[in-house]
Amino acid sequence: MKREVWIVSAIALVNSLSFTVLLPTLYPYGRQFGLNDFETSFLFSIFSIAQFLATPVIGQLSDRWGRRPLLLVSLAGTMLANLMAGMATVAWVLFLARFLDGITGGNNSVIQAVIADVTEPENRARGFSLFGAAFGVGFVLGPIISLGAQEISLGASFLVSAWIAGIALGVTYFFLPETLEERPPQPHRLELGLAKLVTGLTIPKVGILLFINFLIGTTFTIFTYAFQPYFIHVLDQTPQSLALMFIIYGVLGVLMQTFGVPRLTKRFNLLLILFLALLIRSLAFLAMPIWPNLIYFVSITIFFSVFNSLVQPIINTLISLNANPQQQGMVMGLNSSYLSISNGIGPVIAGVLIRQSNLASYGYPLYLAGACTLMVLLVAVQTRTKYAPS
């Protein structure tokens, strides 16, 4: 594997760390500024919305100006944004920092472009698997680092994230050469790609899968936001305990995607695995808020996490199998865009349902996520003939 692939995979690991360090911290940190649950949900959404808008622009600019300059700018933006957030004294600075981080943080497309630049077609899958593995490791190590940073303060997690982004910035500046050798003719203007989101739904076999994955992503991000205030307020737990939960989820996810998915896909039909995973996900969502007991909740979420780890790899595989070879990059890019939109919608839906004066309302988003996931399962089953791989 070429040196550049190892370098950008290391950058992907650092990117993942700088993001996942914040996952267990963002909700309690927002509450520390006096934000209510609905306002805090926007801290999650504003990053994803900004990233959705910026990612295609960053990709196009990297075609014009090169990969290395765009990586340097985006990593510097992440570092500055998290320094702002860690030292913020008023809430609007925190929102501005999250927006800046989202606008400059859509550099994974540039990292993937670097891998495509320097690898031969027969080695490209290995390069992308190394990138995926680096990201997965970050989802385990990030919450562990966050747990240590929280011993200082909640804001320290952002400062640690800024420091990690600074490391990636230094690695990019000193060790990564420019990999774009030939630049295509420059278009007259930059495209956000919004029209492609609509036309993507009309692609035979793929369009229905993109729609299903958008719904899957929305229900999941309802959960990823809602379980945090539920865990802290209803179950009376601390941000440190929340970080431990993210560590458990990360470890289970890596183990399932590394060992579970390859074994299951060899023995069982892809659609059967997907339908079973969605069914268990919906039942788990519905079961989580029934009994406000810590051991019960942790047991349900661990069971959920094991099967939930199957959903995204399977749906991505189905999308790839149904896409034409010439459309693979475009289709996977559309898939990422739809997931970014769902990441922006889900937390706000959860925030709307929660009322701080009513503890029972903290379970409403979980019930909604369960009911909606069950409906997604029904849609997936009813339309299976349209996307079932031959």
Exercise. Show your working on ring pair (Phe, Tyr, Trp, His ring centres under 6.0 Å) between Phe303 and Phe307 and close with a plain yes or no.
Key: CA-CA 7 Å; Phe303 182 71; Phe307 285 90; 5.2 Å; yes
Quiz prompt | Side-chain donor-acceptor pair present, Ser146, Thr25, cut-off under 3.5 Å | solution =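 Note: Ser146 and Thr25 side chains meet the donor-acceptor criterion.
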Exercise. Determine whether the side chains of Tyr249 and Thr301 contain a donor N or O and an acceptor N or O closer than 3.5 Å.
Key: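 Yes, Thr301 and Tyr249 have a side-chain donor paired with an acceptor closer than 3.5 Å.
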Distance-minimising heavy-atom pair for [X] and [Y]:
{"X": "Gly344", "Y": "Ile49", "answer": "CA-CG1, 4.1 Å"}
{"X": "Gln150", "Y": "Ala243", "answer": "NE2-CB, 4.1 Å"}
{"X": "Ile222", "Y": "Ala369", "answer": "CG2-CB, 4.1 Å"}
{"X": "Leu17", "Y": "Gly142", "answer": "CD2-N, 3.5 Å"}
{"X": "Ala371", "Y": "Leu286", "answer": "N-CD2, 3.9 Å"}
{"X": "Pro28", "Y": "Leu242", "answer": "CD-CD2, 4.5 Å"}

Would you mind reporting whether [Y] and [X] have side-chain heavy atoms less than 4.5 Å apart?
{"X": "Leu278", "Y": "Ile216", "answer": "yes"}
{"X": "Pro289", "Y": "Tyr362", "answer": "no"}
{"X": "Asn82", "Y": "Val21", "answer": "no"}
{"X": "Tyr230", "Y": "Pro292", "answer": "yes"}
{"X": "Ile232", "Y": "Thr238", "answer": "no"}
{"X": "Phe220", "Y": "Gln312", "answer": "no"}
{"X": "Pro365", "Y": "Ile354", "answer": "yes"}
{"X": "Ser48", "Y": "Gln51", "answer": "no"}

Side-chain heavy atoms nearer than 4.5 Å, only ILVMFWY residues, links allowed to pass through others: does that put [X] and [Y] together?
{"X": "Val379", "Y": "Ile314", "value": "yes"}
{"X": "Phe268", "Y": "Ile315", "value": "yes"}
{"X": "Met256", "Y": "Phe304", "value": "yes"}
{"X": "Val234", "Y": "Ile295", "value": "no"}
{"X": "Val381", "Y": "Ile208", "value": "yes"}

Kindly compute the distance separating [atom1] ([X]) from [atom2] ([Y]), expressed to the nearest 0.5 Å.
{"X": "Ile302", "Y": "Met245", "atom1": "CD1", "atom2": "CE", "value": "6.0 Å"}
{"X": "Ser299", "Y": "Trp291", "atom1": "OG", "atom2": "CH2", "value": "9.5 Å"}
{"X": "Ile167", "Y": "Thr172", "atom1": "CD1", "atom2": "OG1", "value": "11.5 Å"}
{"X": "Ser74", "Y": "Ile11", "atom1": "OG", "atom2": "CD1", "value": "9.0 Å"}
{"X": "Phe227", "Y": "Phe285", "atom1": "CZ", "atom2": "CZ", "value": "11.0 Å"}
{"X": "Ser282", "Y": "Met375", "atom1": "OG", "atom2": "CE", "value": "10.5 Å"}

Practice problem: Determine the interplanar angle of the Phe297 and Phe231 rings, folded into 0 to 90°, and report it as parallel if under 30°, tilted if 30 to 60°, perpendicular if over 60°. | Solution: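 Answer is tilted, since the angle falls between 30° and 60°.
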Exercise. Classify the ring geometry between Tyr225 and Tyr27 as parallel (under 30°), tilted (30 to 60°) or perpendicular (over 60°).
Key: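 Because their plane-to-plane angle is over 60°, the rings of Tyr225 and Tyr27 count as perpendicular.
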Exercise. Report the C-alpha separation of Leu141 and Thr20 in whole Å, then their side-chain angles, then the decisive distance to 0.1 Å, and conclude whether the side chain to side chain contact (heavy atoms under 4.5 Å, CB included) test is met.
Key: CA-CA 8 Å; Leu141 296 181; Thr20 54; over 6 Å; no
Under 3.5 Å donor-acceptor, [X] side chain and [Y] backbone:
{"X": "Thr221", "Y": "Ser342", "result": "yes"}
{"X": "Asp101", "Y": "Ala81", "result": "no"}
{"X": "Ser18", "Y": "Ser161", "result": "no"}
{"X": "Ser45", "Y": "Phe42", "result": "no"}
{"X": "Gln228", "Y": "Pro24", "result": "no"}
{"X": "Tyr29", "Y": "Ser157", "result": "no"}

Quiz item: How about Tyr173: does its OH atom have over 12 heavy atoms from other parts shown lying under 6.0 Å from it?
Solution: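 Counting neighbours around OH of Tyr173, 12 or fewer heavy atoms of other residues, nucleotides or ligands fall under 6.0 Å, so no.
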Exercise. Return yes when atom CZ of Phe211 has more than 12 non-hydrogen atoms of other residues, nucleotides or ligands closer than 6.0 Å, and no otherwise.
Key: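 Open.
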Practice problem: Determine, stepwise, if the pair Leu318 / Lys205 fulfils side chain to side chain contact (heavy atoms under 4.5 Å, CB included). | Solution: CA-CA 9 Å; Leu318 288 169; Lys205 296 187 176 182; over 6 Å; no
Quiz prompt | side chain to side chain contact (heavy atoms under 4.5 Å, CB included) assessment of Phe47 paired with Asn343 | solution = CA-CA 9 Å; Phe47 172 87; Asn343 289 340; over 6 Å; no
Quiz item: Going through the distances and angles, do Val90 and Phe33 end up as a side chain to side chain contact (heavy atoms under 4.5 Å, CB included)?
Solution: CA-CA 7 Å; Val90 290; Phe33 281 81; 5.6 Å; no
Quiz item: Within 45 degrees of the axis of the six-membered ring of Phe38 and under 6.0 Å from its centre: does Arg355 put its NZ or CZ there?
Solution: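 No.
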Quiz prompt | Lys/Arg-Asp/Glu bridge criterion (N-O < 4.0 Å) met for Asp37, Arg31 | solution =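 Looking at Asp37 and Arg31, the cut-off is met.
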